[in-house]
There are 4 protein chains.
Amino acid sequence: MPRAERERQMMDAGVRVFGERGYRAASMDEIAELAGVSKPLVYLYLNSKEDLFTACIRRESAALIAAVRAGVRVDVPADRQLWDGLTAFFAHTAEHPDGWAVLHSQARSGGDPFVAEVVAMREEIVAFVTSLIAAAAREAHGDPELAEREVAGLAQALVGAAEALAGWANGDDSVSAREAAATMMNFAWAGLGNLMAGARWSVPDAS
Amino acid sequence: MPRAERERQMMDAGVRVFGERGYRAASMDEIAELAGVSKPLVYLYLNSKEDLFTACIRRESAALIAAVRAGVRVDVPADRQLWDGLTAFFAHTAEHPDGWAVLHSQARSGGDPFVAEVVAMREEIVAFVTSLIAAAAREAHGDPELAEREVAGLAQALVGAAEALAGWANGDDSVSAREAAATMMNFAWAGLGNLMAGARWSVPDAS
Amino acid sequence: MPRAERERQMMDAGVRVFGERGYRAASMDEIAELAGVSKPLVYLYLNSKEDLFTACIRRESAALIAAVRAGVRVDVPADRQLWDGLTAFFAHTAEHPDGWAVLHSQARSGGDPFVAEVVAMREEIVAFVTSLIAAAAREAHGDPELAEREVAGLAQALVGAAEALAGWANGDDSVSAREAAATMMNFAWAGLGNLMAGARWSVPDAS
Amino acid sequence: MPRAERERQMMDAGVRVFGERGYRAASMDEIAELAGVSKPLVYLYLNSKEDLFTACIRRESAALIAAVRAGVRVDVPADRQLWDGLTAFFAHTAEHPDGWAVLHSQARSGGDPFVAEVVAMREEIVAFVTSLIAAAAREAHGDPELAEREVAGLAQALVGAAEALAGWANGDDSVSAREAAATMMNFAWAGLGNLMAGARWSVPDAS
DNA sequence: AATGAATGAGGTTTCATTCAT
DNA sequence: CATGAATGAAACCTCATTCAT
């Protein structure tokens with residue numbers, strides 16, 4: 001069996017076990033057994049537990065981003081792009097729950113080197129969303145009305161909302177990717193539109 | 001030294017170490033040392049690593065919810081309640097980063113018994129947000145326009161967005177609690193308002 | 001509460017816990033709790049786990065020997081003395097199963113100092129049985145026919161048989177002390193009588 | 001070194017240390033060191049302290065029973081069979097004092113799972129002795145005169161006497177296996193013979 | 001007379017990792 | 001290419017024992 005194939009099997013097993021147990025609680029024994037190979041082979045190909053986990057994070061990150069990219073066409077309006085991206089995102093996380101668990105829960109609690117990996121991926125998505133918001137603003141007014149810092153916060157919030165909905169939809173499998181995406185668009189897009197139009201919410205009097 | 005105070009010290013140390021390292025990577029040795037006591041005393045008072053972690057989760061959950069409740073008055077409009085709750089939330093998480101790390105990152109990746117604890121707390125917050133959205137809808141039209149399931153998704157999204165902004169604001173401490181709350185309100189409230197008014201976003205044509 | 005009474009309670013608890021769990025597996029915590037006192041008091045009165053166990057062994061040894069002695073009258077024939085002693089022995093072990101467990105199982109596996117204690121007690125019983133056999137031999141022929149070494153072996157065997165029957169009778173409580181004693185007498189006395197009469201079993205031809 | 005041989009070494013060490021110290025007082029460190037391997041290897045091959053002890057008990061039980069069986073021929077009179085079995089038994093226990101300590105002292109005080117193991121072995125021996133007594137009764141009268149319950153008690157007593165003599169002979173190594181077996185036969189066989197002939201010992205008058 | 005508070009030492013077990021073949 | 005054999009290090013946890021009050 002060629003090396004690439006073996007490596008894929010090992011990483012499949014890694015994603016599965018890391019996703020279920022977390023980085024520390026996962027054991028190389030279990031991963032090797034699930035991959036159907038001996039432990040020394042795992043070390044020969046993937047070097048160490050840390051490297052294996054990093055490789056898993058990178059592979060799943062790349063797969064998620066590729067899925068979102070593949071779902072989005074650049075020649076359509078910004079809201080359509082966001083809709084397509086969200087749909088692809090929810091569909092992918094639903095189809096790869098272990099990969100999503102690795103990225104969303106496990107990598108984040110695994111300590112420095114892993115957090116950095118996943119932060120990098122998240123920033124790529126945030127940047128994509130940021131560009132969509134900016135594009136939408138341009139489409140609406142020809143000129144960005146929103147301060148850069150404000151857009152950054154909005155993009156973080158939007159991505160966070162999507163992550164939460166992914167967990168919610170995965171936990172209750174009667175929620176489809178389209179339904180989750182629709183909730184997101186209804187939740188976010190109108191607010192964004194108002195913002196772009198210059199409307200701001202302001203603290204009402206408490207008394 | 002009386003037992004209650006010692007227990008508090010131990011849990012302080014537990015929150016700190018669990019928050020930084022995660023459940024599995026944290027060692028009882030380090031926690032005991034940080035608390036300034038011997039390991040057997042930790043076991044005598046708190047029983048086991050699992051019980052200690054659970055106790056930490058519960059204490060931090062209760063503190064967070066108490067802080068939010070304390071920030072909200074019930075005799076003000078729904079949007080003001082949401083604003084106050086968000087401000088209190090962001091202020092509390094900024095002041096207790098380890099506690100927030102325990103609740104947000106570590107408890108979620110620690111496996112069944114801990115996930116259940118944190119899910120219970122999150123549901124309490126989601127229920128609060130849900131009630132606010134429903135109240136706002138009543139205030140706006142005297143009649144809830146939104147389906148229950150739709151509200152549930154919106155509340156999940158809103159809470160997720162707030163969680164993401166808490167992490168973002170904590171990472172970059174130039175973002176104040178008020179600023180984060182303002183971002184949330186601008187992001188979420190207008191969208192909710194539109195929804196309540198019956199406006200829906202619909203998939204535009206892709207071509 | 002007077003000290004003697006407290007000590008008795010502690011030793012009662014000790015016999016119970018040591019009998020059930022063994023010396024190593026017994027914990028001073030459990031003993032103190034069962035005795036209804038605090039641990040430091042146990043140490044104040046009985047010094048150490050080793051001393052406590054030794055005290056338990058001694059008390060139970062003394063009680064067993066006293067019970068056997070109390071059952072035997074010296075002015076009756078040797079077989080009657082043996083019968084009375086056996087009856088008293090089986091009755092006492094049945095009424096004090098924890099004490100018997102301490103003497104028979106636990107003290108023997110606890111290592112040097114405890115083995116010595118129980119060996120001393122056993123030798124007292126063996127000596128009593130030996131004297132009975134010798135007396136019976138004198139009664140029968142006016143002159144001991146049996147070599148001292150031979151008598152020693154017989155006494156060991158008889159005591160071992162009685163110990164085994166005590167365990168057997170205790171495990172199955174439909175066997176009374178009298179029945180066990182009768183079994184012993186039927187098993188042992190006739191053989192002893194034959195021996196005293198000079199009859200010896202000799203190896204038959206195997207072919 | 002092949003696994004089977006390593007396992008044998010570990011169990012040799014286990015029998016030695018368990019026999020000397022008892023189950024609880026024995027430490028896996030000492031066993032591993034005596035076996036000349038590291039502790040993790042012991043756990044890899046034998047799973048746990050409990051499993052190791054169980055394995056030792058089973059191996060020594062099997063060895064003892066095999067030794068007795070090998071010493072007995074089935075085509076000879078019952079008393080000859082008993083003599084041969086006793087001789088084999090005393091010879092084996094004298095040659096394997098640690099194994100005998102494990103079976104006789106340590107397994108019995110180790111708590112439920114171990115007691116069950118050794119009780120099973122003892123019952124096999126008791127059954128063998130029981131069958132011999134029954135065979136002897138048939139040889140003597142063509143018809144068993146003894147009640148089943150009575151035979152059971154006699155077999156227990158006989159085995160207990162043999163166990164006691166094994167300890168006695170081991171402690172004083174001038175007593176050979178043949179001598180111990182002769183004592184047993186003289187002690188037991190005549191009594192059994194009388195019983196089969198219908199003679200019973202009855203309580204004499206005490207006055 | 002009695003105890004709540006505290007610990008040093010040592011136990012079993014697991015795991016990432018390497019070597020010789 | 002692949003593995004059976006092996007381990008150093010460290011984790012969780014328990015226990016007999018003491019001290020200050």
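Owing to the predicted nature of the structure, the values given are computational and were not obtained by experimental measurement.
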Between which nucleotides of DNA chain E, read 5' to 3', does contact with chain B run, using atoms under 4.0 Å from its heavy atoms?
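Contact boundaries, 5' end first: E:dA5 to E:dG8.
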Has the side chain of D:Q106 got a donor or acceptor atom that lies under 3.5 Å from a matching backbone atom of D:A101?
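No.
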Crowded around B:R16 CZ? As in, over 12 foreign heavy atoms under 6.0 Å?
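At most 12 heavy atoms, drawn from other residues, nucleotides or ligands, come within 6.0 Å of this atom.
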With [X] via side-chain hydrogen bond (donor to acceptor under 3.5 Å, both in side chains) - residues at least two apart:
X: D:Q9; value: D:R6
X: A:R21; value: A:E30
X: D:R108; value: none
X: C:T93; value: none

Could you list, one pair per line, each protein nitrogen or oxygen that sits under 3.5 Å from a nitrogen or oxygen of nucleotides 1-4 of chain F, together with the distance?
unit_1	atom_1	unit_2	atom_2	d
F:dA2	OP1	A:R6	NH2	3.2
F:dA2	OP2	A:Y45	OH	3.3
F:dT3	OP2	A:S38	N	3.1
F:dT3	OP2	A:S38	OG	2.9
F:dT3	O5'	A:S38	OG	3.4

Which helical stems does DNA chain E take part in, if a stem means at least 3 consecutive Watson-Crick or G-U pairs with both distances below 3.5 Å?
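When the pairs of DNA chain E are grouped into runs of at least three, the stems are E:2-21 with F:2-21.
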Distance-only polar pair, side chains of C:S105 and D:S109, donor-acceptor under 3.5 Å:
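No - no donor-acceptor pair under 3.5 Å links their side chains.
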Using the closest heavy atom to pick a nucleotide of DNA chain E for each, name whichever of A:S48 or D:Y43 lands nearer the 5' end.
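Nearer the 5' end of the strand: D:Y43.
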Excluding sequence neighbours, so at least two apart, what forms salt bridge (charged side-chain N to carboxylate O under 4.0 Å, His left out) with C:E95?
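For C:E95, no residue satisfies salt bridge (charged side-chain N to carboxylate O under 4.0 Å, His left out) once neighbours in sequence are set aside.
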Not counting sequence neighbours, which residues clear ring pair (Phe, Tyr, Trp, His ring centres under 6.0 Å) with A:Y45? List them please.
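With neighbours one apart ignored, the set is empty.
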For D:F114, give me all partners under ring pair (Phe, Tyr, Trp, His ring centres under 6.0 Å), at least two apart in sequence or on another chain.
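In terms of ring pair (Phe, Tyr, Trp, His ring centres under 6.0 Å), with neighbours along the sequence ignored, D:F114 is linked to D:Y23, D:F53.
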Determine whether the aromatic ring centres of A:W100 and A:H96 lie less than 6.0 Å apart.
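Judged by ring-centre distance (under 6.0 Å), A:W100 and A:H96 do not meet the cut-off.
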Summary of salt bridge (Lys or Arg N to Asp or Glu O under 4.0 Å) pairs that have at least one residue in residues 37-58 of chain C, sequence neighbours excluded:
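Sorted result for residues 37-58 of chain C: C:D29-C:K39, C:R58-C:E117.
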Quick one, which residues of residues 20-35 of chain B touch DNA chain E with a heavy atom under 4.0 Å?
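Going residue by residue through residues 20-35 of chain B, none turns out to have a heavy atom under 4.0 Å of DNA chain E.
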